[in-house]
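To start, the structure itself, in structure tokens.
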Amino acid sequence: MKMSKLFCQTLREFPQDAEVISHKLLVRAGYIRKLANGIYNYLPLMQRVLTKVENIIREEMNAAGAQELLMPFVQPEELWKESGRWDVYGKELMRMKDRHDRGMCLGPTHEEVITFIAREGIRSYKQLPVNLYQIQSKFRDEIRPRFGLLRGREFIMKDAYSFDVDQAGLDKEYKNMADTYNRIFTRCGLETKMVQSDSGAIGGSVSHEFMVLVNENDENNAGENDVFYCTKCDYSANSNHAVSKLNPAETDGKFEKAEIVDTPNTKTIEELAEFLKVPSTVICKALVYVIDGKYVVALIRGDRTVEETKLMNAFEGNEIRIARNDEIDEIMQNSGFSAVAGFIGPKGLKGVSIIADETVRELKNFVVGINQTDKHLVGANWGKDVELPEKICDIRLVETKDRCPVCGEELKVTKGIEVGNIFQLGTKYSKAMNATFTDKDGTEKSFIMGCYGIGVSRTAAAAVERYHDDFGIIWPLSIAPYTVVIVPVSDVDEAQMGCANKMYEELNKAGVEVLLDDRSERAGVKLKDADLIGIPFRVTVGKTLNEGKVEFKDRKTNEITLLTPDEAVNKIIEISKTIK
RNA sequence: CGGGAUGUAGCGCAGCUUGGUAGCGCACCUCGCUUGGGACGAGGGGGUCGCAGGUUCAAAUCCUGUCAUCCCGACCA
């Protein structure tokens, strides 16, 4: 491709509305352009990158035994009513009416449609197992799209769905997909970590996410997830799912008798601990949440934080938020109290569910709110002064220095970008949508399903996030839009242009993806653009041509070697052959 | 949805306080010159100043409303 004809406008400055580096660089280097909030045009260079990622995915998925199909982007309301998600998916599901006033939605994911396909097409266990996938645009009307391609409303996703006769089959396919994903991301030049995760709105039990770990010291790092991991064993999990063993802590308040004491203006745990001169670990903290419209009071040790996803899952909820002050007032009124937030306790509350984190169980002679403003109960003990709630779960956020649940080593945390996930769905959708097959023994059974997603556009953006420098993008070879760019320093120097053109022809003939910068620009412009766009290799044809040499530059190391034009061409052809 | 900020040429911005001919840099077009890290000179094109009302002889500027975008939070495959 000749750059004079390439549809690509690089910008001299970073776009003002971009925050993270992948967004800034992709816009500035002419890969993407915003159409609307969270919706982007993929320009020719970007399309080449996406196609490469997609083809790697295709090859590996096909090799793993999956079959590609394509489902509609627009889906009928009825299917979503069948699965029960029409009512629970929320505003993220882009809903609309067709001309006949029938409810439709844009596909944010395709469990319903694939289950419909399986229900229609699979009658017998003999047709199983099967794994079907597609690569397609998805639409999710995110509350706050941001970070360019990392969190758009429209994005490209590979989604695969497996159907098995039993759990053993699903386990096998799950492992197969995990291995496949590792191969896919490795081929894309990305190092990923497979971490345990929450299964979210998709449902199901077992799930893992594939995270590209980003450098936390990087000021604009775009990792949206905290990943806790163990340095000794291979335990790692998303913070919304991570569990830990706790270090020993002082949990005895050493108050000799239970009594209500004045604790004026101690609305936070810090203030209360300071006022009573006790460690925060002997305080039982009470937080009021609203889960799917119902009030929940969560008890947790004073020094710990509630993990809201865990709390929500404990009640099998879909939506969680902290209660507003007027809602707390309502609870107080219903229970005959009048305390404000900061003095809430479990004793005597009516119309709420109470849940306790495991950390409160061992508290002794502790401090707890008693639903009177500016007062707390000290020296409290479970069973005697306050009832221990029946519902006790792990609802706490893991912290660094907590111990690995597997081996006991200290846990560490890092930021990650989620580029893929795998879920064991089980029969959640097949049961709800009555999708069954006839098993060997003649009985009707529901499909055991799994689903497996990869964010294609996000993977490309994550690669930029991971590989760039002050000059621009540094694409991994396997997903770069072109392998090499030839830059003649002067487009009016006949020798240089002749040499550049000759190499260009030879490389093209050899099937190498090559760019020729034949623009009538000054050298600086062409060199800056080559770096910005991030082509892995650059051949500069300039003054060294007098000695019969051209410069060969590796974008990754910025190392320059002098080669004859023939040597350069051969070297690139050799490199090109290694691309898988 | 809560808090903060911003909307002026394709991009980046000034002008607004104190109302009076809409500007600068980059990009774009023409000519010249130049060709190893985003040159230079001359000329040129491009704007209903986010939108709608209002005040005024006169509004980018003041007032009201509204829309959009960005950041933080809540949410999230």
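Reminder, nothing fancy here: chain letters follow the sequence lines and each chain counts from 1.
- Regarding A:Glu142, its CD atom lies at a distance of 10 Å from the P atom of B:C76, rounded to whole Å.
- Between the CZ atom of A:Arg140 and the P atom of B:A77 there is a distance of 8 Å, given to the nearest Å.
- The base-pairing partner of B:A74, taking Watson-Crick or G-U wobble contacts with both distances under 3.5 Å, does not exist among the strands shown.
- Taking CG of A:Leu311 as the reference point, atom CG of A:Asp394 lies at 11.0 Å (rounded to 0.5 Å).
- Taking the P atoms as reference points, B:C71 lies 29 Å from B:C28, given to the whole Å.
- Under the Watson-Crick and G-U wobble criteria, each requiring two contacts below 3.5 Å, nucleotide B:G38 is left unpaired.
- The interatomic distance linking A:Ile291 (CD1) with B:C75 (P) rounds to 11 Å, in whole Å.
- By the 6.0 Å contact criterion, CD on A:Glu547 is enclosed, its count of non-hydrogen atoms from other residues, nucleotides or ligands being greater than 12.
- Ranking B:C76, B:C70, B:A74 by closeness to the A:Ile143 side chain, first place goes to B:A74.
- For the side chain to side chain contact (heavy atoms under 4.5 Å, CB included) with A:Arg28, the lone residue among A:Leu532, A:Thr10, A:Ile533, A:Ile473 that qualifies is A:Leu532.
- Applying the side chain to side chain donor-acceptor pair (under 3.5 Å) test to A:Asp491 and every residue at least two apart in sequence or in another chain returns A:Ser520.
- Counting distance only, with no hydrogens placed and no angle test, the side-chain atoms of A:Arg321 and the base atoms of B:A74 include no donor-acceptor pair under 3.5 Å.
- Between A:Tyr31 and A:Trp475, the ring center distance clears the sub-6.0 Å criterion.
- Note on ring orientation: taking the six-membered ring where Trp is involved, the planes of A:Tyr174 and A:Tyr452 are tilted (angle from 30° to 60°).
- Contact annotation: A:Arg33 does not reach the phosphate of B:G10 (side-chain N/O to OP1 or OP2, under 4.0 Å).
- In this structure, A:Glu316 contributes its side chain and A:Asn313 its backbone to no donor-acceptor pair below 3.5 Å.
- Between A:Phe210 and A:Phe185, the ring-plane angle classifies as tilted under the 30° and 60° cut-offs.
- Taking the C1' atom of each, B:G32 and B:A39 are spaced 14 Å apart, rounded to whole Å.
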Per-nucleotide protein contact string for nucleotides 34-44 of chain B, where B marks a base within reach and S marks sugar-phosphate only (heavy atoms under 4.0 Å, - for neither):
BBBBBB-----
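- The distance from atom CZ of A:Arg153 to atom C1' of B:A68 is 12 Å, rounded to the nearest whole Å.
- Partner assigned to B:A5 is B:U69, using Watson-Crick or G-U wobble distances below 3.5 angstrom.
- Between A:Arg146 and B:C72 there is a side-chain polar atom (N or O) within less than 4.0 angstrom of OP1 or OP2.
- As judged by a 4.0 angstrom heavy-atom cut-off over every strand, A:Gln16 is placed among residues touching the sugar-phosphate backbone only.
- If you take CG of A:Asn225 and P of B:C75, they are 13 Å apart, rounded to a whole angstrom.
- Nearest-nucleotide assignment on RNA chain B puts the 5′-proximal partner with A:Glu13, out of A:Ala36 and A:Glu13.
- With a 3.5 Å ceiling on both atom-pair distances, B:G19 lacks any Watson-Crick or G-U wobble partner.
- Side-chain rings of A:Phe423 and A:His208 stay apart, their centers remaining 6.0 Å or farther from each other.
- Put simply, A:Lys91 has no side-chain N or O that comes within less than 4.0 Å of OP1 or OP2 on B:C76.
- Comparing B:U17 with B:U21, their P atoms are spaced 13 Å from each other, to the whole Å.
- Within the shown strands, nothing qualifies as a pairing partner of B:C49 under the Watson-Crick or G-U definition with both distances less than 3.5 Å.
- Contact annotation for A:Met312: backbone-only contact, meaning every heavy-atom pair under 4.0 Å involves sugar-phosphate atoms and none involves a base.
- Taking atom CD on A:Glu111 and atom P on B:A77, their separation rounds to 11 Å, with Å as the unit.
- The nearest whole Å value for the distance from the CD atom in A:Glu308 to the C1' atom in B:C76 is 13 Å.
- With both ends at atom C1', the span from B:C29 to B:G46 equals 11 Å, rounded to whole Å.
- Nucleotides B:G47 and B:G3, compared at atom P, are 39 Å apart to the nearest Å.
- The environment of OH in A:Tyr295 is crowded: more than 12 heavy-atom neighbours from other residues, nucleotides or ligands sit within 6.0 Å.
- B:G15 and B:A60: their C1' atoms are spaced 8 Å apart (whole Å).
- Look at A:Asn37 and you won't find any side-chain N or O under 4.0 angstrom from OP1 or OP2 of B:A68.
- Rounded to a whole angstrom, the distance from the C1' atom of B:C1 to that of B:G53 is 28 Å.
- B:G43 is paired with B:C29 under the Watson-Crick or G-U wobble criterion, all donor-acceptor distances under 3.5 Å.
- Distance noted for atom P between B:A59 and B:A22: 12 Å (whole Å).
- Going from atom CG of A:Leu425 over to atom P of B:A77 covers 13 Å, rounded to whole Å.
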